[in-house]
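The shown structure was predicted, so the numbers you read here are calculated from the model rather than taken from an experiment.
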Amino acid sequence: MRAIVIFSGSAHIDLARKICRHLKKRLSPTTITRFSNDCLGVQLNANCREADVFIIQPIVPPVQEHLMELLLMLDAARGASAARITAVMPHFAYARSDKKDAPRISIAARLTADLIATAGASRVLTMTLHSPQVHGFFSVPVDHLNAHKVLAAHFRRENLQDTVVVSPDLGNAKQATHFARLLNLPVAAASKQRISDDEVIVDAIVGDVEGKSVIVIDDEIANGGTIVEVLTKLRERHVKRIAVVCTHGLFTRKAIERLGSQPDIAEIVTTDTVPIPLSKRLPNMHILSVAALLAEAIDRIHVGKSVSKLFDGKI
């Protein structure tokens with residue numbers, strides 16, 4: 001069997017180290033430099049000839065820097081004669097640009113997928129894409145994970161009597177339903193209209209939430225505008241305990257200020273798919289690790305086992 005070699009870009013080295021600890025593998029060193037003309041340079045400091053190479057790099061702010069790092073690392077591994085190269089992207093930022101919803105704009109998710117494949121990726125391992133169709137934008141095999149089991153395990157320790165899972169928009173209702181089934185809970189959804197990147201209008205809540213506790217779940221929280229608007233509508237229904245959940249806790253712009261100003265949020269639960277510095281951590285925030293899940297997926301890809309079995313309970 002070919003050797004497994006793991007590299008990481010600078011986006012989330014802590015997560016890469018956790019994954020390697022679960023795999024009981026060494027994280028191979030990488031040198032990333034910036035030349036005087038502002039160009040990036042990457043060197044992989046371990047032999048990867050005929051190896052099964054995994055490059056861990058979530059595409060997180062600064063997005064363009066980390067994307068370029070990943071492309072250079074993929075190209076370096078291909079030039080070093082790696083047998084197979086897997087881009088491990090726990091978060092793929094450009095997944096939100098998945099459709100042409102205005103004249104003369106780029107479908108950036110598809111373009112970025114093409115760049116990753118052209119740079120040298122043989123396959124992609126990612127988690128909770130913004131929309132399912134992004135999976136199909138890649139011309140190489142994609143293993144698309146979700147963190148629902150990790151998130152559900154946290155809530156199984158709590159009293160969930162009279163609790164409803166709420167999707168912040170109808171587009172995310174299918175994922176919210178899957179999460180609700182893991183907890184054997186009913187589901188509701190908000191009807192949302194997006195005005196701009198930082199402004200949304202929530203028209204109504206579809207489903208019975210009157211006087212119930214709620215778990216509001218989204219794929220990611222960026223500036224927090226949607227969550228705040230959904231909570232406003234939920235309060236009109238006199239909900240009790242409020243939990244806010246997401247896989248990707250980006251918390252950009254005024255997100256932390258907005259969430260911190262909502263005194264009735266009992267807890268904010270997210271994962272470590274993206275780095276969350278201490279300055280963005282609130283007292284009621286829980287950060288769950290997906291390192292074990294990603295490590296298991298990497299091991300299964302390496303030995304040729306099914307990755308889908310991670311989600312059917314028949315591992």
Side-chain angles (χ1 to χ4, degrees), residues 10-12 14-15 58-67 89-98 108-109 126-131 146-148 150-151 154-155 165-172 175-176 179 189-203 205 214-235 239 241-290:
S10 66
H12 201 350
D14 286 345
L15 177 61
I59 308 303
V60 296
V63 168
Q64 279 59 245
E65 295 275 324
H66 291 141
L67 174 60
M89 298 186 297
H91 178 61
F92 179 43
Y94 276 109
R96 296 185 68 173
S97 302
D98 59 347
T126 190
M127 180 169 284
T128 312
L129 293 169
H130 183 65
S131 53
N146 67 65
H148 289 169
V150 174
L151 295 168
H154 171 84
F155 285 97
V165 173
V166 179
S167 170
D169 56 63
L170 297 175
N172 195 55
Q175 292 301 313
F179 178 74
S191 173
K192 181 184 77 173
Q193 180 184 359
R194 180 167 291 280
I195 305 303
S196 67
D197 183 48
D198 195 41
E199 183 182 359
V200 299
I201 297 174
V202 175
D203 303 311
I205 303 294
V214 293
I215 301 173
V216 184
I217 183 168
D218 206 351
D219 59 325
E220 71 174 59
I221 296 177
N223 55 54
T226 295
I227 293 296
V228 170
E229 290 299 314
V230 170
L231 294 185
T232 299
K233 276 294 178 183
L234 287 172
R235 291 184 189 108
V239 297
R241 187 180 191 274
I242 297 173
V244 173
V245 186
C246 69
T247 299
H248 310 300
L250 294 170
F251 306 130
T252 59
R253 297 180 182 174
K254 297 181 179 179
I256 292 300
E257 180 183 340
R258 284 171 169 168
L259 294 173
S261 66
Q262 311 295 313
D264 53 351
I265 297 179
E267 59 179 339
I268 301 167
V269 183
T270 187
T271 76
D272 60 354
T273 56
V274 303
I276 303 176
L278 291 175
S279 60
K280 292 186 176 183
R281 299 189 185 190
L282 294 170
N284 60 344
M285 187 179 292
H286 303 279
I287 302 172
L288 311 179
S289 183
V290 293

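Atom CD1 of Ile215 and atom CZ of Phe155 lie 4.5 Å apart (nearest 0.5 Å). In this structure, the separation between CD1 on Ile227 and CD on Gln262 is 10.0 Å, given to the nearest 0.5 Å. The distance from the CG atom of Leu129 to the CG atom of Asp219 is 9.0 Å, given to the nearest 0.5 Å. If you take CG on Asn284 and CD1 on Ile242, they are separated by 11.5 Å, rounding to the nearest 0.5 Å. The structure places OG of Ser10 at 4.0 Å from NE2 of His66, a figure rounded to the nearest 0.5 Å. With values rounded to the nearest 0.5 angstrom, Cys246 atom SG is found 8.5 Å from Ile217 atom CD1.
Glu65 places no side-chain N or O within donor-acceptor distance of the main-chain N or O of Pro61, the cut-off being under 3.5 Å. A distance-only check finds a donor-acceptor pair linking the side chain of Thr270 to the backbone of Gly249 [under 3.5 Å]. A donor-acceptor pair under 3.5 Å is formed between the side chain of Thr271 and the backbone N or O of Thr247. A donor-acceptor pair under 3.5 Å is absent between the side-chain atoms of Asp169 and the main chain of Ala189, judged by distance alone.
Residues Ser289 and Asp272 have side chains that bring a donor and an acceptor to within less than 3.5 angstrom of each other. Of the N and O atoms on the side chains of Asp98 and Ser131, at least one donor lies less than 3.5 Å from an acceptor on the other residue.
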message: Quick one, Arg96 with Glu220, criterion side-chain contact (heavy atoms from CB on, under 4.5 Å). Give me CA distance, side-chain angles, the key distance, then yes/no.
response: CA-CA 10 Å; Arg96 296 185 68 173; Glu220 71 174 59; 3.2 Å; yes
- request: Could you check Leu259 against Ile268 for side-chain contact (heavy atoms from CB on, under 4.5 Å), going step by step and ending with a plain yes or no?
  value: CA-CA 9 Å; Leu259 294 173; Ile268 301 167; 4.0 Å; yes
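Between Asp264 and Arg241, none of the side-chain N atoms (NZ, or NE/NH1/NH2) sits under 4.0 Å from a carboxylate O, so this pair counts as no salt bridge.
Partners of Asn146 under the side chain to side chain donor-acceptor pair (under 3.5 Å) rule, at least two apart in sequence or in another chain, do not exist in this structure.
Judged as a ring-ring contact (aromatic ring centres under 6.0 Å, His included), not a single pair has a partner in residues 252-284 (not counting sequence neighbours). For residues 248-285, every residue pair satisfying the ring-ring contact (aromatic ring centres under 6.0 Å, His included) rule, not counting sequence neighbours, is listed here: His91-His248.
Side-chain contact between Lys254 and Asn223 is absent, with no heavy atoms from C-beta onward closer than 4.5 Å. Contact check for Met127 versus Met89: no side-chain heavy atoms found under the 4.5 Å cut-off. The side-chain heavy atoms of Leu234 and Val216, taken from C-beta on, include a pair separated by under 4.5 Å. Counting heavy atoms from C-beta on, the side chains of Leu282 and Ile256 come closer than 4.5 Å. Residues Arg258 and Arg253 fail the side-chain proximity criterion, which asks for heavy atoms closer than 4.5 Å. Contact of the Pro90 side chain with the Leu15 side chain is registered, since non-hydrogen atoms from C-beta on lie closer than 4.5 Å.
Ala222 and Leu250 make their closest contact through CA-CB, 4.2 Å (heavy atoms, listed as atom of the first residue, atom of the second, distance). In terms of heavy atoms, Pro277 sits closest to Arg281 at O-CG, 3.3 Å. Heavy-atom minimum distance, Pro58 versus Ala11: O-CB, 3.3 Å. For Ala109 against Ala95, the heavy-atom pair with the smallest separation is CB-CA, 4.1 Å.
Residue Pro168 is tested with Ile221, Val244, Val230 for a side-chain contact (heavy atoms from CB on, under 4.5 Å); the sole match is Val230.
Note: His286 and His154 have tilted aromatic rings, judged against thresholds of 30 and 60 degrees for the angle between ring planes.
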